[in-house]
Amino acid sequence: MVGRVARKLRSVCRTPVFVLVWLGPTWLLLGLARLAILRLSHKRLATAYGHDFGADAWLALATPRQFHRAYRIRQVVALAVKYSPWVANCFPQALVARLLLGIYGIPYTLFFGVRHSADVQGDIDAHAWVMTGGLPVTGGASFGDFTVVRMFANHAPMTGQDA
């Protein structure tokens, strides 16, 4: 018993302060995101995703400092999901990550993708994931498994004229 408590205490001491501070609010936000998904239409939810860029997949670039903060957001969302009593699959995780990245002004890209299911009926699996630069904040880097059908972001991609 004492060994287990000591292990848990060491684990908490090694957890970054950012993650500890945001754990409670993120846990609550996951619940609110799940409630919003159940109660609101997708059209109404889409207004909170960011700018709609269709299905042309690109990644929002970030500075090293933004990348580090996005990594911490990734950690806190994963930890909050671990202790969530409600369904906190890819969709609520993506919504919460998008919200936290937006609070800190970190560029993000929110992807929605589909793939054919491996079952006999040929159903379609859907997935949502958030990326900052090459960092999968939630949902993993799912480009190889899912076809992007919609993408939202808070920053427009740079073109050759912008460089």
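Keep in mind the model is a prediction, meaning the values are calculated, not measured.
In this structure, the separation between CZ on Arg98 and CD1 on Ile103 is 9.0 Å, given to the nearest 0.5 Å. A distance of 9.0 Å separates CZ of Phe18 from NE2 of His68, quoted to the nearest 0.5 Å. Once rounded to the nearest 0.5 Å, the distance linking CG of Leu100 with CZ of Arg69 reads 10.5 Å.
Between His42 and Tyr49, the gap from one ring centroid to the other is short of 6.0 Å. Side-chain rings of Trp86 and Trp27 approach one another, their centers coming within less than 6.0 Å.
Remark: side-chain polar atoms of Asn154 are paired, donor with acceptor, to backbone N or O of Ile106 under 3.5 angstrom. Under a 3.5 Å cut-off, the side chain of Gln93 and the backbone N or O of Ala78 do not form any donor-acceptor pair.
Within a 6.0 Å radius of OH in Tyr104, more than 12 heavy atoms belonging to other residues, nucleotides or ligands are found.
Taking all atoms of both residues into account, the shortest heavy-atom contact from Val21 to Pro25 is O-CD, 3.5 Å.
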Tabulate below the donor-acceptor pairs under 3.5 Å that side-chain atoms of residues 124-137 make, not counting sequence neighbours, or state none.
residue : atom : partner : partner atom : Å
His127  : NE2  : Gly139  : O            : 2.9
His127  : NE2  : Ser142  : OG           : 3.1
Thr132  : OG1  : Pro107  : O            : 3.0

Give every donor-acceptor pair under 3.5 Å between a side-chain atom in residues 30-39 and any protein atom, sequence neighbours left out.
none

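Side chains of Arg72 and Gln75: a donor-acceptor N/O pair is present below 3.5 angstrom, by distance only.
Exactly one of Phe53, Phe112, Phe111 qualifies for a side-chain contact (heavy atoms from CB on, under 4.5 Å) with Phe152. That residue is Phe112.
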